[in-house]
Amino acid sequence: MALAFDEFGRPFVIIREQEQKTRLRGLDAQKSNISAGKAVARILRTSLGPKGMDKMLQSPDGEVTITNDGATILEQMDVDNQIAKLMVELSRSQDYEIGDGTTGVVVMAGALLEQAERLLEHGIHPIRIAEGYEMASRIAVEHLERIANKFEFSATNIEPLVQTCMTTLSSKIVNRCKRSLAEIAVNAVVAVADLERRDVNLELIKVEGKVGGKLEDTELIKGIIVDKDMSHPQMPKHIEDAKIAILTCPFEPPKPKTKHKVDIDTVEKFQNLREQEQKYFDDMVQKCKDVGATLVICQWGFDDEANHLLMHRNLPAVRWVGGVELELIAIATGGRIVPRFQELTPEKLGKAGLVREKSFGTTKDRMIYIEHCANSRAVTIFIRGGNKMMIEETKRSIHDALCVARNLIRNNSIVYGGGAAEISCSLAVEAAADRHPGVEQYAIRAFADALDSIPMALAENSGLQPIETLSAVKSQQIKDNNPWCGIDCNDVGTNDMREQNVFETLIGKQQQILLATQVVKMILKIDDVISPSEY
């Protein structure tokens with residue numbers, strides 16, 4: 001490690017406990033960082049595209065996840081290297097911002113790093129490479145704007161949205177019923193979207209899953225599902241035009257906050273106490289009946305006596321409903337959450353056209369459906385599947401599809417998928433490189449080569465000859481000057497992505513290029529790594 005001497009030749013220490021630290025400097029540091037980034041990208045490379053493979057990850061407590069979603073794979077991988085953690089965060093930020101394209105962004109960053117390594121070996125300074133990448137990414141993003149198409153859709157014509165969501169779902173395990181799932185996702189988003197403000201609140205879409213049934217049984221419910229059953233088995237299971245009282249106070253006698261003791265020494269006193277308690281319950285149930293409630297949903301439990309009374313007074317009730325669900329029920333039914341019985345008024349009741357209890361298969365699992373609500377802004381997607389892993393993976397796929405639909409409502413420009421947009425950008429960047437004098441043009445050309453890595457990976461995963469396929473598509477794009485020729489992953493027999501209906505959102509693609517470039521610039525600027533050595 002660095003040892004320095006003063007003018008009298010006495011050594012002095014610069015870094016504390018330096019013999020316990022390892023240090024990489026200059027090119028070595030950059031190369032080790034680049035190889036760490038490439039290693040992460042290589043893992044995800046095989047799961048890109050419609051024919052991509054899935055990864056199986058086992059957590060320390062033995063839970064198994066099978067997934068194709070880049071962000072999920074990296075989250076669960078438990079990465080130790082600092083640079084690899086940057087890649088994990090890269091895919092996470094793509095997930096938060098766009099929701100889709102989490103695998104592609106890491107593959108892209110890996111390809112940029114690989115190209116940068118070659119340039120470093122040629123002796124080009126890392127800062128010049130970073131600047132060249134920055135210029136190239138700007139050219140690519142502007143070019144995407146130029147080749148993008150506007151998609152016109154309305155609340156009645158949602159076909160364009162469904163097509164784009166199908167592209168997202170085609171790379172997932174659920175691709176055999178991608179049409180129905182895409183329609184469910186789009187209908188859910190359109191139901192909660194504010195089309196004037198072009199805004200979608202995904203909090204209002206609840207995704208529930210239940211093991212059993214088959215994937216085709218997945219349905220969209222214009223209302224809320226609660227994973228509870230009626231508090232008494234003999235309560236009615238089907239209530240029409242329900243008026244719902246939403247309570248956060250328990251159906252129990254009040255407990256004094258002080259420490260207290262009641263001495264009961266005669267039978268009369270005990271009877272008296274019991275009557276008082278019963279009267280208290282009576283008043284509670286009567287209050288609910290007086291305001292006209294036909295269903296009580298309560299956050300806490302009830303006493304058995306209260307349950308019995310509710311049952312006799314013909315007032316169905318659901319207990320132990322979670323806070324988030326209560327809020328969604330309140331939003332959907334237009335009711336108010338009532339914290340005390342004294343505050344119950346008819347205006348605070350929620351209204352729903354139908355409340356029904358549904359049981360599944362031969363198990364005792366029952367769920368309560370609250371449908372035809374006054375305010376249909378809250379919807380639920382209810383997923384069925386053969387096992388828990390399948391349901392979890394479907395939830396992740398649906399999340400991606402919901403995000404894509406939301407992005408299209410925000411900005412309705414699309415580019416063509418199947419690597420078509422990347423190849424087109426690559427050609428544009430390559431052409432622009434000649435206009436830049438100086439060393440940066442090498443970096444700009446390298447960026448163009450890196451853009452080709454996504455269509456290459458797509459071709460490779462589809463079992464095609466990667467270089468042959470890519471060069472054929474590229475020459476076709478140059479010859480016809482059309483930016484919608486892509487890799488024919490599904491073996492349809494045409495490279496025209498318009499015919500195959502393979503679309504991606506413009507903002508998703510731009511974000512991918514910008515984020516990947518930022519992370520690569522950051523990695524290239526690191527030239528000294530000091531880390532505690534492993535003992």
Side-chain angles (χ1 to χ4, degrees), residues 37-38 40-45 47-50 52 68-74 86-116 133-148 164-165 167-168 170-171 399-401 403-404 406-408 410-411 413-429 446-458 461 483 486-487 497 502-523:
K38 273 164 51 183
V40 175
R42 210 172 298 129
I43 296 169
L44 287 194
R45 198 182 158 98
S47 66
L48 187 73
N68 188 303
D69 181 47
T72 314
I73 297 171
L74 292 180
L86 282 180
M87 298 297 251
V88 177
E89 278 170 23
L90 165 72
S91 84
R92 192 184 305 155
S93 56
Q94 175 82 9
D95 196 30
Y96 286 167
E97 191 57 37
I98 303 293
D100 183 35
T102 47
T103 315
V105 70
V106 177
V107 174
M108 175 82 211
L112 286 172
L113 286 173
E114 206 167 310
Q115 295 295 334
Y133 276 179
E134 185 63 34
M135 290 175 193
S137 73
R138 236 172 294 146
I139 296 165
V141 168
E142 281 163 18
H143 182 69
L144 280 174
E145 288 274 357
R146 281 200 297 279
I147 62 171
T164 316
C165 285
T167 306
T168 305
S170 62
S171 65
H399 168 259
D400 279 14
C403 290
V404 166
R406 179 194 64 181
N407 293 338
L408 272 179
R410 281 191 184 163
N411 176 351
S413 303
I414 55 116
V415 291
Y416 291 95
E422 280 89 350
I423 295 173
S424 179
C425 282
S426 161
L427 294 169
V429 172
F447 192 94
D449 291 344
L451 277 168
D452 287 344
S453 70
I454 290 198
M456 280 270 268
L458 281 174
N461 293 344
I487 307 285
M497 291 296 139
V502 179
F503 310 119
E504 298 195 37
T505 52
L506 168 69
I507 42 178
K509 267 279 166 275
Q510 287 180 329
Q511 188 81 0
Q512 270 189 358
I513 291 177
L514 292 172
L515 282 177
T517 313
Q518 274 174 15
V519 167
V520 171
K521 272 178 66 181
M522 194 168 161
I523 292 174

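For the atom pair OG (Ser424) and CG (Leu144), the distance works out to 7.5 Å, reported to the nearest 0.5 Å. From Gln510, atom CD reaches atom CG of Leu515 across 11.5 Å, with rounding to the nearest 0.5 Å. Annotation: the span from Arg45 atom CZ to Ile454 atom CD1 amounts to 9.0 Å, rounded to 0.5 Å. Taking CG of Leu113 as the reference point, atom CD1 of Ile523 lies at 4.5 Å (rounded to 0.5 Å). Atom OG1 of residue Thr505 and atom CD1 of residue Ile414 lie 9.5 Å apart, to the nearest 0.5 angstrom. Interatomic distance, Lys509 NZ to Glu145 CD, rounded to the nearest 0.5 Å: 14.5 Å.
Nearest heavy-atom pair across Asp69 and Thr103 is C-OG1, 4.5 Å. Across all their heavy atoms, Gly101 and Gln512 have their closest contact at O-NE2, 3.0 Å. Nearest heavy-atom pair across Val105 and Ala516 is O-CB, 3.9 Å. Closest heavy-atom contact between Ala401 and Cys165: O-SG, 3.4 Å. Taking both residues in full, the closest heavy atoms of Leu74 and Met87 are given as CD1-O, 3.9 Å, listed atom of the first, atom of the second, then distance. Between Ile98 and Ile507, the shortest heavy-atom distance links the atoms CD1-O, 3.9 Å.
Not a single side chain to side chain donor-acceptor pair (under 3.5 Å) links Asp449 to another residue, sequence neighbours left out. Contacts of Glu97 classified as side chain to side chain donor-acceptor pair (under 3.5 Å), with partners at least two apart in sequence or in another chain: none.
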Verdict with supporting geometry, Ile487 and Met456, side chain to side chain contact (heavy atoms under 4.5 Å, CB included): CA-CA 9 Å; Ile487 307 285; Met456 280 270 268; over 6 Å; no
Derivation of the side chain to side chain contact (heavy atoms under 4.5 Å, CB included) call for Phe447 and Leu112: CA-CA 6 Å; Phe447 192 94; Leu112 286 172; 3.4 Å; yes
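Between the side chain of Ser426 and the backbone N or O of Glu422 there is no donor-acceptor pair closer than 3.5 Å. Of the possible polar contacts, one joining the Gln94 side chain to the Asp100 backbone as a donor-acceptor pair under 3.5 Å is found.
Taking the side chain as every heavy atom from C-beta outward, Leu458 and Pro50 approach each other to under 4.5 Å.
Using modelled atom types and a 3.5 Å distance limit, the side chains of Asp95 and Thr102 yield no donor-acceptor pair.
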